[in-house]
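Naming: A, B, ... by sequence-line order, numbering from 1 per chain. Keep in mind that this is a model prediction, so the values were computed, not measured.
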Number of protein chains: 2
Amino acid sequence: MAKKTTRKGCDTTSAELKPDPTADELAGLAWAIAHPARVQILRLLIKRDACMCGEIVSRLPLAQSTVSQHLKILKESGLVQGEVDGPKVCYCVNEDKLQRLKQLVDGL
Amino acid sequence: MAKKTTRKGCDTTSAELKPDPTADELAGLAWAIAHPARVQILRLLIKRDACMCGEIVSRLPLAQSTVSQHLKILKESGLVQGEVDGPKVCYCVNEDKLQRLKQLVDGL
DNA sequence: ACGGTCAATCGTCTATCTGCGATTAACGAT
DNA sequence: ATCGTTAATCGCAGATAGACGATTGACCGT
C-alpha cells in the first residue's frame, strides 16, 4: 500500500516525525502567551509599567490569586522571572527567552 | 482582613486595562501554535512537505481524527486554510496571518 | 449505481485551564 | 513579638482541550 503519489519528492514512505525539539519549545513559549491576560501582563512587564503582582492586579480585572496563577505560568515558561524584594516580588521579563520566542516564531 | 470588599470598585484610580485588542489577537494566534503537534503540522504546511490530512497523519503519531481536530483549530485561527480538491482537501498556510503573528510577537 | 478513498464529525473519556474566595507564608516596620 | 503588607497556595467549580475509535459525508473512479 502506501501508494500515494509523490507529492513533493520527499520520502513518501512516511518519515514519521523527527524529534523536533523546537516544536515543543515553541509550543511551550506560545502557550505562555496563549491567553489575553498573560499577554497583557507580559506587556506591562516589558514596558515596566508594572513590576509587582499588586500593580498588575490593579490594572487587570482579575483577582489577585488569578494574576498570581498567570504569573506562575509565565514564570514556568521562562519568559518572566521574579526577584524577591522583601515582602514583595519584583517581576521582570527574561529578555533571552523573549528573544528566543521571537526567533522561533520568525523562523517559522 | 482589612476591607477587601469593593475589590472591583476601587479600580477607578488606575488606568484599568486598555481595550488592547491585539492582546486577544496575539493570544488567539499563539494559542493555535501552543501545541507541539500543531507546530509540526504548521511547519509541514509551510515547507509544503505535506498538504493533505492523510499525509500529515502518516508523519505524526496521531490518529486521523486527532490531526483533523488540530487542523480545525489551525483553520479557526486563520493561520491555515483548506481548499477542497475533490474528495481531498489541500491545506496551505495563510501567509498574511503568519506574517501578522510574526509581527505581533516581534512587537512585544 | 456502486465501491473506494479521504476528511469531518460524533461520542466518550480523562486531564488541564481558568477563575474565585479563603487561607497561609514571608518579610519589613514598629 | 506583633502587625500590616504582599504574594503564593489551597480548594472548589465550571469549562475546555486533547486523544481516540467509530461513524458519517463528500467525491472520483469504474
* Can you tell me if the side-chain N/O atoms of A/S68 get under 4.0 Å from OP1 or OP2 in D/dA8? -> yes
* Structure fact -> Per-nt protein contacts along nucleotides 17-30 of chain D (heavy atom under 4.0 Å; B base, S backbone sugar-phosphate only, - none) come out as SSSBBB----BS--
* **Residue list, salt bridge (charged side-chain N to carboxylate O under 4.0 Å, His left out) with B/E25, at least two apart or on another chain** => B/R100
* Side-chain donor-acceptor pair present, A/R38, A/S77, cut-off under 3.5 Å -> no
* **B/V89 vs B/C53 side-chain heavy atoms within contact, under 4.5 Å** => no
* Structure fact -> side-chain contact (heavy atoms from CB on, under 4.5 Å) test vs A/V93 passes for just one of A/L44, A/L79, A/L42, A/L74, namely A/L42
* Asked: How many Å lie between CG on A/L74 and C1' on C/dC17, as a whole number?
  -> 14 Å
* Could you tell me the separation between the CD atom of A/E76 and the P atom of C/dC17, rounded to a whole number of Å? => 9 Å
* Tell me if the SG of A/C92 lies under 2.5 Å from the SG of A/C51. => no
* Is there a donor-acceptor contact under 3.5 Å from the side chain of A/K102 to the main chain of B/L108? -> yes
* Spacing of A/L71 atom CG relative to D/dT6 atom C1', expressed in whole Å -> 13 Å
* Whole-Å gap separating C1' (C/dA7) and CD1 (B/I41) -> 13 Å
